[in-house]
2 protein chains.
Amino acid sequence: MEPTQTVEDYVRAIYQLQEGAEDVSTSALAEVMKVAPATVTSMLKKLDQLGYAVYTPYQGVSLTESGRRLALNIVRRHRLVELYLVQALEIPWDRVHEEAHRWEHVISDEVLAKMDEVLGHPERDPHGAPIPGENGSLPATSTVRLSALRSGQRAVVAEVADNVPEMLRYIGNLGLYPDVAIEIIAVAPFDGLVTVRVGERQHIIGQRIARSIFVKDIISTEE
Amino acid sequence: MEPTQTVEDYVRAIYQLQEGAEDVSTSALAEVMKVAPATVTSMLKKLDQLGYAVYTPYQGVSLTESGRRLALNIVRRHRLVELYLVQALEIPWDRVHEEAHRWEHVISDEVLAKMDEVLGHPERDPHGAPIPGENGSLPATSTVRLSALRSGQRAVVAEVADNVPEMLRYIGNLGLYPDVAIEIIAVAPFDGLVTVRVGERQHIIGQRIARSIFVKDIISTEE
DNA sequence: ATTATAATTTAGAGTATTATAACAAAGATG
DNA sequence: CATCTTTGTTATAATACTCTAAATTATAAT
Ligand SMILES: [Mn+2]
Ligand SMILES: [Mn+2]
Ligand SMILES: [Mn+2]
Ligand SMILES: [Mn+2]
């Protein structure tokens with residue numbers, strides 16, 4: 001009855017690839033799960049069997065309601081644990097992802113509830129990602145990539161992609177944490193280098209970084 | 001290279017059954033691991049292969065130095081986690097064992113070190129059991145079962161067996177935590193019921209309980 | 001020394017997860 | 001539309017862990 005760790009990871013991966021509505025492809029899953037495509041195929045049959053997903057050969061998969069519930073539960077665990085590690089144990093934000101990926105499968109509901117309480121029922125993880133509620137509700141978010149901003153605009157960092165630790169560390173060094181206010185000083189042509197002001201400091205960042213940072217509360221001041 | 005969770009659990013089980021020096025039997029292991037004896041036999045061959053144990057068919061197993069190191073490391077993780085759960089997350093002491101048994105396999109050294117630091121490099125887990133050091137050292141202990149005390153003796157609770165949650169809860173309700181001072185008021189004949197004073201309160205406990213509590217600092221006062 | 005009992009091991013299988021190699025379907029191209 | 005390329009699926013197999021039932025060995029009791 002209890003889903004295995006592996007099943008939990010597949011379901012979460014499907015959920016996170018699903019984004020809008022399109023079906024998820026075998027190869028996309030194979031890539032994020034770091035397994036061979038053939039392995040994914042047999043797992044998809046099992047997920048269909050278990051009722052977590054609907055799988056149509058050669059077409060792709062999508063989660064069922066039951067699968068969505070499971071995925072949201074894992075995501076909740078993952079993000080609460082990440083925040084707990086940063087907040088309570090002072091682990092740097094670029095080193096909590098791997099740890100949370102293991103913890104998310106072994107923490108009891110009782111302990112998770114305690115963490116949630118200690119943290120004051122937070123809405124966002126250390127990278128700004130929304131933490132699903134126990135009922136599966138997701139705090140609404142309306143963000144834009146920093147790369148989409150124009151010169152002169154001000155905004156507040158909302159979320160930072162957390163899958164590449166080195167990038168996280170780099171972004172952290174620039175002071176670009178969630179809730180930090182920024183201002184776009186300039187956007188250079190051709191390579192799109194962005195000059196951004198963070199507090200008193202200015203940094204020039206490339207497109208790769210600019211696309212990994214999401215902002216909110218955009219206000220166009222000058223010009 | 002990395003030992004699997006199962007291997008870690010077997011090695012720890014052997015370590016804890018080994019006690020003095022005698023070899024551990026297949027059936028004893030099967031019992032604590034809750035698997036069939038045949039399962040143990042095949043696992044013992046593997047542990048021997050991996051260099052964690054020396055296995056002689058029909059004779060039993062004992063750990064190698066490498067196995068002992070691994071076992072002590074798992075025990076350290078287990079006990080640090082138990083204490084962390086009790087201290088930092090206020091989980092009752094009778095519900096941390098199961099949780100720790102899962103966490104002990106997934107916590108990184110970095111996070112474990114942080115827990116150790118937050119707890120102030122403790123020497124004992126919530127049940128009074130010694131926490132092995134990083135080097136494998138064990139704080140020395142010299143305790144006696146409460147059941148061995150005679151009427152009139154005073155002592156201090158040192159350790160409580162932590163494998164039966166219901167018993168732990170019961171013992172906790174009596175106030176018999178590590179470091180609590182007690183006095184033996186009377187020991188009844190035949191069934192060996194012990195009347196023990198804990199602070200202002202007196203309790204009568206049976207042999208099963210009395211044998212599960214270990215005490216130290218014994219002083220014989222009256223008589 | 002022989003026999004009964006208990007403990008242990010071997011044989012044969014099953015589940016879960018993964019991989020490689022060979023084949024099949026879908027999509028793109030001219 | 002016929003072929004080439006990419007993507008996905010089927011065999012088939014390997015590793016890790018577990019089980020039941022049958023055979024074997026050790027131990028205790030005549
Ligand atoms: Mn993460
Ligand atoms: Mn995150
Ligand atoms: Mn324990
Ligand atoms: Mn303990």
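Below, chains carry the letters A, B, ... as their sequence lines are ordered, and counting in each starts from 1.
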All N/O donor-acceptor pairs, side-chain side in residues 43-55 of chain A, below 3.5 Å, sequence neighbours left out:
unit_1, atom_1, unit_2, atom_2, d
A:D48, OD2, A:Y55, N, 2.8

Test side-chain contact (heavy atoms from CB on, under 4.5 Å) applied to B:A30 - qualifying residues, sequence neighbours left out
B:P37, B:V40
Tell me every residue that passes side-chain contact (heavy atoms from CB on, under 4.5 Å) with B:Q18, counting only those two or more places apart in sequence or in another chain.
B:I14, B:V24, B:S62, B:L63
Nearest-angstrom distance from the residue atom [atom1] of [X] to [atom2] of [N]:
X     : N      : atom1 : atom2 : value
B:Q49 : D:dC17 : CD    : P     : 13 Å
B:Q5  : D:dC17 : CD    : C1'   : 12 Å
B:K46 : D:dT18 : NZ    : C1'   : 11 Å
B:E2  : D:dT15 : CD    : C1'   : 17 Å

Compile the donor-acceptor pairs under 3.5 Å between side chains in residues 85-94 of chain B and protein atoms, sequence neighbours left out, one pair per line.
unit_1, atom_1, unit_2, atom_2, d
B:W93, NE1, B:L168, O, 3.2
B:D94, OD2, B:R169, NH1, 3.0

Any B:T39 side-chain nitrogen or oxygen under 4.0 Å from OP1 or OP2 of D:dC19:
yes
Does any nucleotide pair with D:dT30 by Watson-Crick or G-U wobble geometry, both distances under 3.5 Å, and what is it?
C:dA1
Closer than 3.5 angstrom, by distance alone: can the side chain of B:R77 be matched with the main-chain N or O of B:L112 as a donor-acceptor pair?
no
Between protein and nucleic acid, restricted to nucleotides 9-11 of chain D and to nitrogen or oxygen atoms under 3.5 Å apart, what atom pairs and distances do you find?
unit_1, atom_1, unit_2, atom_2, d
D:dT9, OP1, A:Y55, OH, 2.1
D:dT9, OP1, A:Y58, N, 3.0
D:dT9, OP2, A:T26, OG1, 3.0
D:dT9, OP2, A:T41, OG1, 2.8
D:dT9, OP2, A:Y55, OH, 3.4
D:dT9, O4', A:Y58, OH, 3.2
D:dT10, OP2, A:K45, NZ, 2.8

Acceptor/donor pairs from residues 160-167 of chain B side chains to any protein atom, 3.5 angstrom cut, sequence neighbours excluded:
unit_1, atom_1, unit_2, atom_2, d
B:D162, OD2, B:H97, ND1, 3.2
B:D162, OD2, B:H127, ND1, 3.3

With a cut-off of 3.5 Å and sequence neighbours excluded, list every side-chain donor-acceptor pair involving residues 139-147 of chain B.
unit_1, atom_1, unit_2, atom_2, d
B:T141, OG1, B:P139, O, 3.3
B:R145, NH1, B:R211, O, 2.7

Which salt bridge (charged side-chain N to carboxylate O under 4.0 Å, His left out) pairs, counting each pair once, include a residue from residues 14-23 of chain B, with sequence neighbours left out?
none
Outer limits of DNA chain C sitting under 4.0 Å from a non-hydrogen atom of chain B, read 5' to 3', are C:dT8 to C:dT10
